[in-house]
Participant: 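Would you mind keeping the following structure in view while I ask a few things?
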Amino acid sequence: MASASATLLKSSPVIDKCEWVKAQTLRHTPPLSVVRCNPAFTIRASYADELVKTAKTVASPGRGILAMDESNATCGKRLASIGLENTEANRQAYRTLLVTAPGLGQYISGAILFEETLYQSTVDGEKIVDILLQQNIVPGIKVDKGLVPLAGSNDESWCQGLDGLASRSAAYYTQGARFAKWRTVVSIPNGPSALAVKEAAWGLARYAAISQENGLVPIVEPEILLDGEHGIDRTFEVAQKVWAEVFFYLAENNVLFEGILLKPSMVTPGAESKDRATPQQVSDYTLKLLHRRIPPAVPGIMFLSGGQSEVEATLNLNAMNQSPNPWHVSFSYARALQNTTLKTWGGRAENVKAAQDALLFRAKSNSLAQLGKYTGEGESDEATKGMFVKGYVY
């Protein structure tokens, strides 16, 4: 055991029961024993080293996350855009195209899956989880149950899904997932109210603690929506408040910072603002926010694209990696990795290779941006089109 876990184990009456870690296999169900360090702090010590290792693997140089965790309903909207019916077979075909792209693991370190996908096989009958592992890609799982209206707020939302999360997380771990994702949102045009910010932060902290207790690295994602006409300074102001609250409650819930990943929004003007920001401005504001609010112990900052065009998301990421910082600053993109891929495929078998080539090009572009080496060469017109959707849900 490494030093962090060893320290915890010294005060434990169940030292011998943690020997199981050495023989742990991917789908081995963990024991229920816990280690009690003091009356106020309980942690399943057997997972501490694994959580840190998983987080560092996902936050590895030149790689980022492919977010392919769209709900079946949202996946249906994507399929409809290319004239396909929302059937399990069509969803399976598209997900197979993504995970079997040759060499994807060179640029992608983790893939966030929807529950259906975690238990799904490819069209050739191989488990999707196994395909990802063969590519050296860590499987992850979306665990939240979506946004619902927050009573007493200014028409704001809160994220549900804490009920039953522990048992679901344990099952996901057994199935091969090693990290989790929970998305809640904050709306600047609607305030945001202190109630909404506090609810978002508390929910994320509870989810993070439960995930870590069950072996999953939590991605902490309070998305500050692009909706609005506000300028970049207002986004920065709100982001500071949100992240201060989030880390306060993460600490209150004894979350291991070395075993989490963040998925923040970049600091940009509102999508409907008359003022636009250059990649350098986005980088300056976003890095200033990170330095003021994010502890260096956090291994990876995996930015969401939030409706930016594919090229815009890559340019902004590249700008942030032009100067040293204490974190792995990378990407966790969905539409900004998949948009051109989906349209290239069009649901036609003869287009699969071209669609996979488009995915690999996009993934490589973001890999280069993570290293601060992206040049913008070879980009298509499609990749420059914005994808902002007001009030976006998935």
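Position 1 is the first residue of the sequence; numbering continues from there.
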Participant: Tell me, with the steps shown, if Q134 and D130 meet side chain to side chain donor-acceptor pair (under 3.5 Å).
Facilitator: CA-CA 6 Å; Q134 290 166 20; D130 292 341; 5.9 Å; no

Participant: Indicate whether any N or O donor in one side chain lies under 3.5 Å from an N or O acceptor in the other, for E245 and Q240.
Facilitator: no

Participant: Look at K353 together with D357 and state whether they make a salt bridge at an N to O cut-off of under 4.0 Å.
Facilitator: yes

Participant: Does S187 reach the side chain of D227, with side-chain heavy atoms less than 4.5 Å apart?
Facilitator: no

Participant: Mind checking whether L98 and Q338 have side chains closer than 4.5 Å, heavy atoms only?
Facilitator: yes

Participant: Exactly one of L262, I65, V143, V58 should register a side-chain contact (heavy atoms from CB on, under 4.5 Å) with I219. Which one does?
Facilitator: I65

Participant: Answer whether the closest heavy-atom distance between the side chains of L84 and W345 falls below 4.5 Å.
Facilitator: yes

Participant: Has the side chain of W243 got a donor or acceptor atom that lies under 3.5 Å from a matching backbone atom of P264?
Facilitator: no

Participant: Is it the case that more than 12 heavy atoms not belonging to K373 sit under 6.0 Å from its NZ atom?
Facilitator: no

Participant: According to a 4.5 Å side-chain heavy-atom criterion applied to Ile, Leu, Val, Met, Phe, Trp and Tyr, with indirect links allowed, do W202 and V197 form part of one hydrophobic cluster?
Facilitator: no

Participant: Start with the C-alpha gap between F303 and Y333, add the side-chain angles, then the distance that decides, and say whether ring pair (Phe, Tyr, Trp, His ring centres under 6.0 Å) holds.
Facilitator: CA-CA 7 Å; F303 281 98; Y333 294 164; 8.7 Å; no

Participant: Using the salt bridge (charged side-chain N to carboxylate O under 4.0 Å, His left out) criterion, which residues pair with R292? Sequence neighbours excluded.
Facilitator: none

Participant: Would a 4.5 Å heavy-atom cut-off, applied to side chains only, mark E116 and R91 as touching?
Facilitator: yes

Participant: Any donor and acceptor pair, going by atom type alone, linking the side chain of S211 with main-chain N or O of A180 inside 3.5 Å?
Facilitator: no

Participant: Any side-chain to backbone donor/acceptor pair from Q281 onto T278? Under 3.5 Å, distance only.
Facilitator: yes

Participant: Which heavy-atom pair separates I260 from A55 by the least distance, and what is that distance?
Facilitator: O-CB, 4.2 Å

Participant: Within the 4.5 Å heavy-atom criterion, are L150 and S157 side-chain neighbours or not?
Facilitator: no

Participant: Would you say E213's side chain and A166's backbone share a donor-acceptor pair under 3.5 angstrom?
Facilitator: no

Participant: Would you check, one step at a time, whether the test side chain to side chain donor-acceptor pair (under 3.5 Å) holds for Q92 with S121?
Facilitator: CA-CA 8 Å; Q92 179 189 44; S121 296; 6.0 Å; no

Participant: Are T314 and R362 close enough that a side-chain donor and a side-chain acceptor fall under 3.5 Å?
Facilitator: yes

Participant: Check the pair L290, N325 against side chain to side chain contact (heavy atoms under 4.5 Å, CB included), reporting the backbone distance first and the verdict last.
Facilitator: CA-CA 9 Å; L290 296 183; N325 63 72; over 6 Å; no

Participant: Go through the side-chain N and O atoms of K127 and Y119 and say whether any donor and acceptor fall under 3.5 Å apart.
Facilitator: no

Participant: Given Y47 and Y173, is the ring pair (Phe, Tyr, Trp, His ring centres under 6.0 Å) satisfied, shown in steps?
Facilitator: CA-CA 12 Å; Y47 283 128; Y173 183 97; 5.4 Å; yes

Participant: Ion pair present between K181 and E221, side-chain N to carboxylate O less than 4.0 angstrom?
Facilitator: yes

Participant: What do the steps show when you test S330 against I301 for side chain to side chain contact (heavy atoms under 4.5 Å, CB included), and what is the final call?
Facilitator: CA-CA 6 Å; S330 192; I301 319 288; over 6 Å; no

Participant: Measure across Q280 and A319 and return the closest heavy-atom pair with its distance rounded to 0.1 Å.
Facilitator: N-CB, 4.4 Å

Participant: Any luck finding a side-chain donor-acceptor pair between S193 and N154 under 3.5 Å?
Facilitator: no

Participant: Are T117 and R95 close enough that a side-chain donor and a side-chain acceptor fall under 3.5 Å?
Facilitator: yes

Participant: Not counting sequence neighbours, which residues clear side chain to side chain contact (heavy atoms under 4.5 Å, CB included) with A354? List them please.
Facilitator: T344

Participant: Does F361 have its ring centroid less than 6.0 Å away from the ring centroid of Y107?
Facilitator: no

Participant: Side-chain donor-acceptor pair under 3.5 Å between R63 and S60, yes or no?
Facilitator: yes

Participant: Establish, from distance only, whether the side-chain atoms of N316 and Q308 form a donor-acceptor pair under 3.5 Å.
Facilitator: yes

Participant: For T340 and E310, what are the C-alpha separation, side-chain angles and deciding distance, and is it a side chain to side chain donor-acceptor pair (under 3.5 Å)?
Facilitator: CA-CA 9 Å; T340 301; E310 291 174 313; 2.5 Å; yes

Participant: May I ask you to decide if the ring planes of F236 and Y285 are parallel, tilted or perpendicular, using 30° and 60° as cut-offs?
Facilitator: perpendicular

Participant: Just wondering, more than 12 heavy atoms not from E229 lying within 6.0 Å of its CD?
Facilitator: no

Participant: I'd like to know if the side chain of N321 and the backbone of A369 have a donor-acceptor N/O pair within less than 3.5 Å.
Facilitator: yes

Participant: Donor-acceptor pair, S109 side chain versus I137 backbone, under 3.5 Å?
Facilitator: no

Participant: H230 and E272: side-chain donor and acceptor closer than 3.5 Å?
Facilitator: no

Participant: Between F257 and F247, what is the ring plane arrangement, given parallel below 30°, perpendicular above 60°, and tilted in between?
Facilitator: perpendicular

